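In what follows, a single structure is set out as structure tokens and then discussed.
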2 protein chains.
Amino acid sequence: MTAVELRRTDILHASAELFADKGVASTTVRQIAARVGVQSGALYHYFPSKSAIVREVVTTYLEQLKARYDEAAPRELDPRARLRAIVEVSLRTAEESPHATVVYQNELPNLRDDPDYRDAKKLADEAQQIWLETINDGKRTGVFREDVPTKVFHRFIRDAVWLSIKWRHPEDAYTTEDLTRDCLTIFLDGFAT
Amino acid sequence: MTAVELRRTDILHASAELFADKGVASTTVRQIAARVGVQSGALYHYFPSKSAIVREVVTTYLEQLKARYDEAAPRELDPRARLRAIVEVSLRTAEESPHATVVYQNELPNLRDDPDYRDAKKLADEAQQIWLETINDGKRTGVFREDVPTKVFHRFIRDAVWLSIKWRHPEDAYTTEDLTRDCLTIFLDGFAT
DNA sequence: GTCTATAGCCCGATAGAC
DNA sequence: GTCTATCGGGCTATAGAC
């Protein structure tokens with residue numbers, strides 16, 4: 001990695017942390033520069049604009065997520081195992097990249113129609129497609145119930161998984177493995193006795 | 001209602017809509033004024049600051065929500081019926097006040113330590129307490145499983161309910177009643193066959 | 001009670017020295 | 001490649017006329 005690439009990575013990490021904590025709109029390029037330890041003008045040698053930083057944070061994150069889904073949750077798996085793999089990969093990715101995860105969850109929905117984020121939107125759609133495909137395959141093979149719309153179940157479990165980043169603290173005794181297990185328990189078998 | 005009160009209400013409604021669409025930080029007082037049909041300076045005859053508008057949007061909303069919980073979900077109800085009532089009231093409130101709901105979900109988490117929002121935070125805590133109490137009562141009486149932490153189940157169902165405001169459109173054939181039913185089905189009985 | 005005008009500040013981004 | 005300095009503009013909030 002060249003010195004330039006290292007600095008770019010520094011900027012992306014500092015930005016992701018600030019964006020996650022206070023939102024993109026409330027984060028200034030001066031704050032990013034201060035976190036990295038340079039003056040704000042220096043950032044513009046690495047990125048053409050603040051918006052380009054946001055875009056790269058989200059796009060890099062989604063590329064990694066999509067690659068992990070493809071590897072860990074191939075279509076050959078039966079729907080239950082595939083759903084488990086998707087949940088595991090998602091929670092592991094959220095644990096590993098908590099800031100980018102928050103930025104993706106908080107900001108991408110509001111940026112859908114901005115052409116600058118077309119790549120990110122495309123990747124997010126592909127990732128979502130893997131969830132939907134899994135749920136529909138499970139309905140077709142009879143392991144999932146057909147009386148609840150795919151879209152509805154998807155939103156429920158998807159939000160449970162991704163928003164755990166906002167309430168679960170990594171130092172908790174309650175681990176990612178615990179969360180994965182409880183998530184699959186609730187969503188597949190229910191909370192009633 | 002006096003003319004002043006009517007104007008205040010206009011401002012609160014216009015603000016809630018803008019805050020929900022673009023976030024509080026990205027909404028300007030000029031945009032609020034334009035939506036109401038006055039100049040920005042005129043807003044300051046009704047509210048001392050932009051932040052006071054945000055505070056009143058959220059606090060008024062939460063007071064209404066809390067009152068509805070108290071009325072529709074008294075502790076005398078058995079836990080299953082009480083959970084159903086909470087979900088029903090929440091979804092009905094979200095449908096009726098979609099903008100304030102989004103503001104509450106999106107912005108309050110980031111404002112927790114701001115002393116300006118102490119009242120809102122207190123109301124939100126009281127509302128949350130009703131969910132937790134219901135879940136714990138259900139565990140004690142044996143209708144809910146005890147191997148999933150209360151906090152975890154609460155976050156799952158709470159997020160499913162509140163975030164539906166971001167994906168369900170009121171004009172959908174899929175109604176609030178459908179959503180209430182499917183939410184209780186999934187979270188109590190599970191998605192597996 | 002609403003207007004016009006603007007103070008005072010902070011923003012993203014740029015220019016040019018080193 | 002990073003600095004200092006600053007431009008042009010948008011922001012919240014205020015002042016004072018009507």
Side-chain angles (χ1 to χ4, degrees), chain A residues 1-59 103 106-108 110-111 114-117 120, chain B residues 1-59 103 106-108 110-111 114-117 120:
Chain A
M1 240 192 194
T2 69
V4 166
E5 285 167 345
L6 280 170
R7 189 65 112 179
R8 276 179 61 87
T9 311
D10 278 354
I11 295 169
L12 289 170
H13 279 76
S15 299
E17 193 174 335
L18 288 163
F19 292 159
D21 281 354
K22 329 189 303 163
V24 169
S26 302
T27 301
T28 71
V29 294
R30 286 171 172 84
Q31 290 168 336
I32 297 170
R35 188 70 67 98
V36 176
V38 297
Q39 292 298 317
S40 65
L43 294 185
Y44 289 84
H45 285 275
Y46 300 93
F47 297 93
S49 68
K50 173 183 170 183
S51 156
I53 301 179
V54 181
R55 196 164 54 245
E56 187 154 332
V57 165
V58 175
T59 306
V103 177
N106 283 351
E107 315 277 350
L108 198 59
N110 309 326
L111 302 169
D114 186 331
D116 281 2
Y117 293 86
Chain B
M1 241 193 194
T2 69
V4 167
E5 285 168 344
L6 280 171
R7 188 66 112 179
R8 276 179 60 89
T9 311
D10 278 354
I11 295 170
L12 289 171
H13 278 75
S15 300
E17 193 174 336
L18 288 163
F19 292 159
D21 281 353
K22 330 189 303 164
V24 169
S26 302
T27 301
T28 71
V29 293
R30 287 173 172 87
Q31 291 167 336
I32 297 171
R35 188 70 68 100
V36 176
V38 296
Q39 292 299 314
S40 65
L43 293 186
Y44 289 85
H45 284 277
Y46 301 93
F47 297 94
S49 68
K50 174 184 169 182
S51 155
I53 301 178
V54 181
R55 196 163 54 245
E56 187 153 331
V57 166
V58 175
T59 305
V103 177
N106 282 352
E107 315 276 352
L108 199 59
N110 309 327
L111 302 169
D114 187 331
D116 281 2
Y117 293 86

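Just so we're clear, the structure is a prediction, and the values are computed from it rather than from any experiment. Below, each value reflects all heavy atoms present in this structure, side chains not excepted, and no hydrogens, waters or symmetry copies.
Listed by first and then second residue, the salt bridge (charged side-chain N to carboxylate O under 4.0 Å, His left out) pairs involving residues 22-32 of chain A amount to none (not counting sequence neighbours).
Here A:Ala25 pairs with B:Ala25, B:Ser26 under the side chain to side chain contact (heavy atoms under 4.5 Å, CB included) rule; sequence neighbours left out. Every residue two or more places apart in sequence or in another chain was checked for a salt bridge (charged side-chain N to carboxylate O under 4.0 Å, His left out) with B:Arg7, and none qualifies. Every side chain to side chain donor-acceptor pair (under 3.5 Å) that B:Glu56 has, sequence neighbours left out, goes to B:Arg8. The side chain to side chain contact (heavy atoms under 4.5 Å, CB included) check on B:Leu111 picks up B:Glu107, B:Tyr117, with sequence neighbours excluded. Every residue two or more places apart in sequence or in another chain that forms a side chain to side chain donor-acceptor pair (under 3.5 Å) with B:Arg35 is listed here: B:Glu17. The salt bridge (charged side-chain N to carboxylate O under 4.0 Å, His left out) check on A:Asp116 picks up A:Arg55, with sequence neighbours excluded.
Note that CD1 of A:Ile11 is 5.0 Å distant from CG of A:Leu43, once rounded to the nearest 0.5 Å.
Between the P atom of D:dT14 and the CZ atom of B:Phe47 lies a distance of 15 Å, rounded to the nearest Å. Look at CD1 on A:Ile32: it is 18 Å from P on C:dC10, rounded to the nearest Å. Atom C1' of nucleotide D:dA15 and atom CG of B:Leu43 are separated by 16 Å, given to the nearest angstrom.
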For nucleotides 11-18 of chain C, just jot down a letter per nucleotide in 5' to 3' order: B, S or -, based on protein non-hydrogen atoms under 4.0 Å. BBBB----
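Non-hydrogen atoms lying under 4.0 Å from DNA chain C are contributed by B:Val4, B:Arg7, all within residues 1-8 of chain B.
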